[in-house]
Trainee: 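I am attaching a structure below and will ask some questions about it afterwards.
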Amino acid sequence: MTETTTLHAAFAGHVNAALDALEQAGTLPTVPRGAVAVEPPRDPSHGDLATNAAMVLAKPAGTNPRALAEAIAGELRKVPGVTAVEIAGPGFLNLRLDPALWVQEIRAIAALGGDYGRSALGAGQVVNVEYVSANPTGPMHMGHCRGAVVGDALASLLEFAGHKVIREYYVNDAGGQVDVLARSVHLRYREALGEDVGEVPEGLYPGDYLVPVGQALAAEFGDKYARAPDSEWLALFRTRAVAAMLNMIKADLALLGIHHDLFSSEAELQAAGKPEEAEAWLRAHDLVYDGELEAPKGKTPEDWEPVELPLFRSTRFGDDQDRPIRKSDGSWTYFGADLAYHFQKAASADALVDIWGADHAGTVKRIKAAVAALTQGQGKEKPFEIKLVQMVQLLKGGQPFKMSKRSGNFVTLADVVEMVGKDVVRFTMLTRKPEAQMDFDFDKVVEASKDNPVFYVQYAHARIRSILRKAEAEGYAPSSDGIELLGEEELALVKLAAQFPRLVEAAAAAREPHRIAFYLYDLAGAFHGYWNLGNDKPEKRFIVAQDARLTGARLYLASQIGQLVRNGLALLGVEAVEEM
RNA sequence: GCGCCCGUAGCUCAGCAGGAUAGAGCACCAGAUUCCUAAUCUGGGGGCCAUGGGUUCGAAUCCCGUCGGGCGCACCA
């Protein structure tokens with residue numbers, strides 16, 4: 001065997017081979033097997049692995065589950081290492097495996113090291129993951145944090161599952177907000193020149209973070225633009241301000257260990273005429289027309305008046321109303337530029353994933369519609385998913401914490417990372433499924449107590465490193481020589497470890513990195529439980545005096561569990577610490 | 001009014017492409033420390049999986065209605 005095959009992958013293959021054999025023998029007609037699963041049963045007394053193949057295939061095959069189960073069982077009994085195959089319940093096939101087979105899985109972890117769990121599932125397909133994409137008008141705040149962490153972990157997970165991943169950030173540097181930014185910076189520029197500007201007027205960004213930007217411009221240009229009309233400085237100040245904000249955002253993201261491959265500028269996209277190209281194509285296919293915008297649903301504002309605008313026919317794709325791609329002054333709406341942007345992304349990827357905040361949920365339908373229309377027109381529709389991460393409610397001592405970029409009085413990501421650390425922030429954001437709302441209580445998280453699952457997991461790794469150090473000092477070394485000496489308790493740990501590869505695939509397919517975090521928590525729990533056996537029973541400790549073979553085998557197991565914890569934490573971007 | 005997300009133990013949440021008796025942490029109760037890190041572990045009580053229907057061999061999981069919470073609803077981004 002030149003390639004190391006993990007145990008679950010091997011048995012998925014064995015079940016498949018058994019079905020092949022039955023097809024060839026004419027026992028089973030050729031039917032799709034998509035729903036066939038091979039997984040450990042919830043109840044360990046049911047065996048080591050179970051498959052639902054007979055139940056799932058009975059109906060399409062026109063036979064009954066028990067009869068089919070008998071036939072499959074016959075094939076599976078031939079597989080080396082299978083000690084028993086039982087048919088249970090409505091037609092489950094429960095397999096019991098030779099413990100030696102499980103023990104081999106430890107060697108697989110050792111052989112593959114950091115690659116244990118890596119999958120070819122993605123088959124090299126290029127997936128573009130766009131995440132964060134916060135407006136470049138200020139530093140990152142906690143509202144951006146969840147999407148940033150989830151997107152980054154998802155990107156790592158997809159990579160590990162065999163995709164080529166592009167980590168992309170879309171820079172909205174073309175709209176009205178960046179003009180406001182430029183004017184705010186101009187104010188700070190005049191302030192830096194000695195002018196008393198007083199309070200920052202309503203409608204401009206008041207945050208102190210713009211002060212150094214104004215100072216830099218004052219140092220570079222003197223009072224050249226202090227009294228000049230904005231036509232002379234607006235574009236320049238906008239460019240400078242956006243660049244400064246982007247640098248700040250990149251520094252903030254770096255604190256979380258996040259680095260994008262690509263920053264795409266909306267302004268450059270527009271300068272290159274991409275939205276015009278998209279519009280022309282959509283008009284040619286009757287997907288954009290000049291029409292009257294409907295009044296908003298619900299409460300209609302007093303100043304509502306009908307206008308004619310170029311509209312995209314998103315209602316054809318299930319949206320509530322057609323959406324404008326240009327404003328009445330002819331400039332692009334956010335949507336108009338965004339559809340061109342997504343079209344551009346689709347050209348260099350096999351699939352697209354966007355991570356958005358839930359406050360943008362209302363625009364999902366229109367952009368999905370536009371991407372479907374445009375990529376269909378290009379030949380084949382590109383898979384495009386939008387993962388919405390729900391709001392994070394910031395609490396401090398039970399009191400809600402308000403965040404508002406305009407007030408300039410918000411909780412920055414940098415502050416939080418400084419307070420609690422990157423690992424706590426990242427892990428905490430991943431210990432809840434993204435589509436559920438979340439409370440982030442500072443006092444709780446700052447506590448850094450055992451309430452934080454991240455410590456529980458890191459502690460498991462630290463303990464492993466600790467025992468390996470201690471053993472080395474006492475002259476023991478991990479060794480697979482005595483691996484057959486490992487018993488029930490060790491096997492339970494191995495069985496949990498062996499699930500990692502299929503978990504990676506399931507999590508990647510579902511685009512749900514949080515599953516890795518929960519798995520690591522379980523794994524850490526199993527390890528701590530095993531460790532504590534030694535409290536009552538000295539013979540269950542890792543280091544057993546006078547038994548170098550058993551000690552070596554247990555250290556070998558510990559070492560591989562440590563490797564596994566590192567592999568999982570690496571996907572989440574959390575450090576595996578040596579000691580605590 | 002409409003769209004999307006959520007509703008599982010007292011609290012915070014898992015539940016793996018419907019699967020066999022619904023899980024964990026916290027809190028509560030009872031225990032464990034001359035012991036490789038007690039930042040830990042062992043045992044116990046606690047559930048009409050919001051609610052009413054439907055789909056099927058089987059539903060916390062899929063479909064429809066209702067109730068409750070969140071987000072959004074012009075040319076903003």
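The model shown is predicted, which means the values in this text are computed figures rather than measured ones. To find a chain, count down the sequence lines: A is the first, B the second, and so on, and within it residues start at 1.
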Trainee: Rounded to whole angstrom units, what separation is found between the CG atom of A/Asp536 and the C1' atom of B/rC41?
Mentor: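 Rounded to the whole Å, the gap is 9 Å.
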Trainee: Can you tell me the base-pairing partner of B/rC16? Count Watson-Crick or G-U wobble geometry only, both distances below 3.5 Å, and say none if there is no partner.
Mentor: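 When the pairing criteria are applied, nothing turns out to pair with B/rC16, so the answer is none.
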Trainee: What is the distance, to the nearest angstrom, from the CD atom on A/Gln437 to the C1' atom on B/rC4?
Mentor: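 Value for this atom pair: 12 Å.
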Trainee: So, does A/Tyr530 get its side chain near the phosphate of B/rU42, meaning an N or O under 4.0 Å from OP1 or OP2?
Mentor: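 Checking B/rU42 against A/Tyr530, no side-chain N or O comes under 4.0 Å of OP1 or OP2.
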Trainee: Which nucleotide wins on minimum distance to the side chain of A/Gln177, given the candidates B/rG25, B/rC5, B/rA77?
Mentor: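 Looking only at heavy atoms from C-beta outward on A/Gln177, the closest nucleotide is B/rA77.
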Trainee: Write down the partner of B/rU66 under the Watson-Crick or G-U wobble criteria, each distance required to be under 3.5 Å.
Mentor: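 Pairing partner: B/rA50.
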Trainee: Over all strands shown, is A/Thr333 touching base, sugar-phosphate only, or nothing at heavy-atom distances under 4.0 angstrom?
Mentor: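 Since only primed, P, OP1 and OP2 atoms lie under 4.0 Å of A/Thr333, the category is sugar-phosphate.
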Trainee: Angle between ring planes, A/His342 versus A/Trp356, binned at 30° and 60°: parallel, tilted or perpendicular?
Mentor: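 Perpendicular: the ring planes of A/His342 and A/Trp356 meet at over 60°.
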Trainee: With heavy atoms under 4.0 Å as the rule, sort A/Ser331 into base, sugar-phosphate or nothing.
Mentor: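 It contacts nothing in the nucleic acid.
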Trainee: Quote, to the nearest angstrom, the P distance that separates B/rG43 from B/rG23.
Mentor: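 Going atom to atom, P in each nucleotide, I get 14 Å.
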Trainee: Report which part of the nucleic acid A/Pro90 touches: base, sugar-phosphate, or nothing (heavy-atom distance under 4.0 Å, all strands).
Mentor: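 Here A/Pro90 touches the bases of the nucleic acid.
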Trainee: Mind checking if A/Ala88 touches a base, just sugar-phosphate, or nothing, with heavy atoms under 4.0 Å?
Mentor: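 Contact class for A/Ala88: base.
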Trainee: Any strand counts, and the cut-off is 3.5 Å on both contacts for Watson-Crick or G-U wobble. Which nucleotide pairs with B/rU61?
Mentor: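 WC or wobble partner does not exist here.
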Trainee: Write down the atom of A/Arg326, the atom of A/Thr333, and the distance for their closest heavy-atom approach.
Mentor: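 Scanning both residues completely, I find the closest heavy atoms to be C-CG2, 3.6 Å.
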Trainee: Using a heavy-atom cut-off of 4.0 Å across all strands, would you classify A/Gln458 as base, sugar-phosphate, or nothing?
Mentor: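 Touches nothing.
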Trainee: Take atom P in B/rC49 and the same atom in B/rA22, then report the distance between them in whole Å.
Mentor: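 So the two P atoms sit 10 Å from each other.
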Trainee: Does B/rA22 pair with anything, Watson-Crick or G-U wobble, both distances under 3.5 Å, and if so, with which nucleotide?
Mentor: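 With both distances under 3.5 Å required, B/rA22 matches none.
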Trainee: Measure centre to centre between the rings of A/Tyr456 and A/His528, then say whether the value is under 6.0 Å.
Mentor: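 So the answer is yes for these two rings.
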Trainee: Which heavy atom of A/Pro40 sits nearest a heavy atom of A/Arg502, and at what distance?
Mentor: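 The answer is CD-NH1, 3.6 Å.
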Trainee: Distance check needed: B/rC26 P versus A/Phe455 CZ, whole Å only.
Mentor: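 Answer to the nearest Å: 15 Å.
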Trainee: Whole-Å distance between B/rA39 C1' and A/Tyr456 OH?
Mentor: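 Nearest whole value for this atom pair: 11 Å.
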Trainee: Starting the side chain at C-beta, find the nucleotide from B/rA20, B/rU12, B/rC5 nearest to A/Arg432.
Mentor: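 Ranking B/rA20, B/rU12, B/rC5 by closest atom to the A/Arg432 side chain puts B/rU12 first.
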Trainee: Using Watson-Crick or G-U wobble geometry with both distances under 3.5 Å, which nucleotide pairs with B/rG3?
Mentor: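 Across all strands, the one nucleotide that pairs with B/rG3 is B/rC71.
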Trainee: Please pick, from B/rU37, B/rC75, B/rC36, the nucleotide with the shortest atom-to-atom distance to any side-chain atom of A/Phe542.
Mentor: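 Selected nucleotide (nearest to the side chain): B/rC36.
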Trainee: Search all heavy atoms of A/Leu523 against all heavy atoms of A/Val565 and return the closest pair with its distance.
Mentor: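 Where A/Leu523 meets A/Val565 most closely, the heavy atoms are CD2-CG2, 3.9 Å.
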Trainee: Rounded off to whole Å, could you give me the CD1-to-C1' distance for the A/Ile367 and B/rC4 pair?
Mentor: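 For the pair A/Ile367 CD1 and B/rC4 C1', the rounded distance is 17 Å.
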Trainee: Counting any heavy atom closer than 4.0 Å, what does A/Val364 reach on the DNA or RNA strands: base, sugar-phosphate only, or nothing?
Mentor: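 A/Val364: no heavy atom of the nucleic acid under 4.0 Å.
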Trainee: What's the closest nucleotide to the side chain of A/Asn532 if the choices are B/rC75, B/rA17, B/rC41?
Mentor: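 When the side chain of A/Asn532 is considered, B/rC41 is the closest of B/rC75, B/rA17, B/rC41.
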Trainee: Which part of the nucleic acid, if any, lies within reach of A/Lys59 when heavy atoms closer than 4.0 Å are counted: base, sugar-phosphate only, or nothing?
Mentor: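 No contact at all - A/Lys59 keeps every heavy atom at 4.0 Å or more from the nucleic acid.
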Trainee: Please report whether the ring centroid of A/Phe542 lies less than 6.0 Å from that of A/Tyr530.
Mentor: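 A/Tyr530 vs A/Phe542: aromatic centres under 6.0 Å.
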Trainee: Would you classify A/Asp359 as touching base, sugar-phosphate or nothing, given that sugar-phosphate means primed atoms plus P, OP1 and OP2, and contacts are heavy atoms under 4.0 Å?
Mentor: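 Contact class for A/Asp359: sugar-phosphate only.
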Trainee: Counting only side-chain N and O atoms of A/Lys327, is one of them less than 4.0 Å from OP1 or OP2 of B/rA77?
Mentor: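 For B/rA77, OP1 or OP2 has a side-chain N or O of A/Lys327 closer than 4.0 Å.
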Trainee: Any base atoms under 4.0 Å from A/Arg541, or only sugar-phosphate, or nothing? Heavy atoms, all strands.
Mentor: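 A/Arg541: base contact, heavy atoms under 4.0 Å.
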Trainee: By the 4.0 Å heavy-atom rule, please label A/Ala35 as base, sugar-phosphate, or nothing.
Mentor: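 The answer is nothing, as A/Ala35 stays clear of every strand by at least 4.0 Å.
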Trainee: NA contact type, A/Glu435, heavy-atom cut-off 4.0 Å: base, sugar-phosphate, or nothing?
Mentor: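 Since only primed, P, OP1 and OP2 atoms lie under 4.0 Å of A/Glu435, the category is sugar-phosphate.
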Trainee: Quick one: label A/Asp322 by what it contacts on the DNA or RNA (base, sugar-phosphate, nothing), any heavy atom closer than 4.0 Å.
Mentor: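 Counting heavy atoms under 4.0 Å across all strands, no contact is made by A/Asp322.
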Trainee: With distance as the sole test, does A/Ser314 use its side chain to make a donor-acceptor pair with the main-chain N or O of A/Ile367 at under 3.5 Å?
Mentor: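 No; judged by distance alone, with no hydrogens or angles, the pair does not exist.
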Trainee: At 4.0 Å (heavy atoms only), tell me whether A/Tyr519 reaches a base, stays on the sugar-phosphate, or touches nothing.
Mentor: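 The residue A/Tyr519 makes no contact with any strand.
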Trainee: With a 3.5 Å limit on both atom pairs, tell me what B/rU55 is paired to, counting Watson-Crick and G-U wobble, or say none.
Mentor: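 Result: none.
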Trainee: Can you see whether A/Gln177 engages A/Asn135 through a side-chain donor-acceptor pair at a distance of less than 3.5 angstrom?
Mentor: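 Judged by distance alone, the side chains do pair up.
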Trainee: Report the nucleotide, chosen from B/rC36, B/rA14, B/rU37, that has the shortest atom-to-atom distance to any side-chain atom of A/Phe518.
Mentor: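 It is B/rA14.
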Trainee: Using atom P of each nucleotide, how far apart are B/rC63 and B/rG25 to the nearest Å?
Mentor: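 My reading of the P atoms in B/rC63 and B/rG25 gives 32 Å.
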Trainee: Hey, can you pull the residues of residues 37-56 of chain A with a non-hydrogen atom under 4.0 angstrom from RNA chain B?
Mentor: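 Here the set is A/Pro41, A/Arg42, A/Asp43, A/His46, A/Ala50, A/Met55.
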Trainee: Where is the tightest heavy-atom contact between A/Ala498 and A/His8, given as atom of each residue plus distance?
Mentor: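 In terms of heavy atoms, the two residues are closest at O-ND1, 3.0 Å.
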Trainee: Is a donor-acceptor pair below 3.5 Å formed from side chain A/His360 to base B/rA77, judging by atom type as modelled?
Mentor: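 Yes.
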Trainee: Need the pair for B/rA32. Rule: Watson-Crick or G-U wobble, both distances under 3.5 Å, any strand; none if unpaired.
Mentor: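 Looking at the geometry, B/rA32 pairs with B/rU40.
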Trainee: Could you report the tightest heavy-atom contact between A/Ala558 and A/Ile464, atom names first, then the distance?
Mentor: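 The answer is O-CG2, 3.3 Å.
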Trainee: Check this for me: does the side-chain of A/Ser466 come within 3.5 Å of the base of B/rC36 through a donor and an acceptor?
Mentor: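 Answer no: no donor N or O sits under 3.5 Å from an acceptor.
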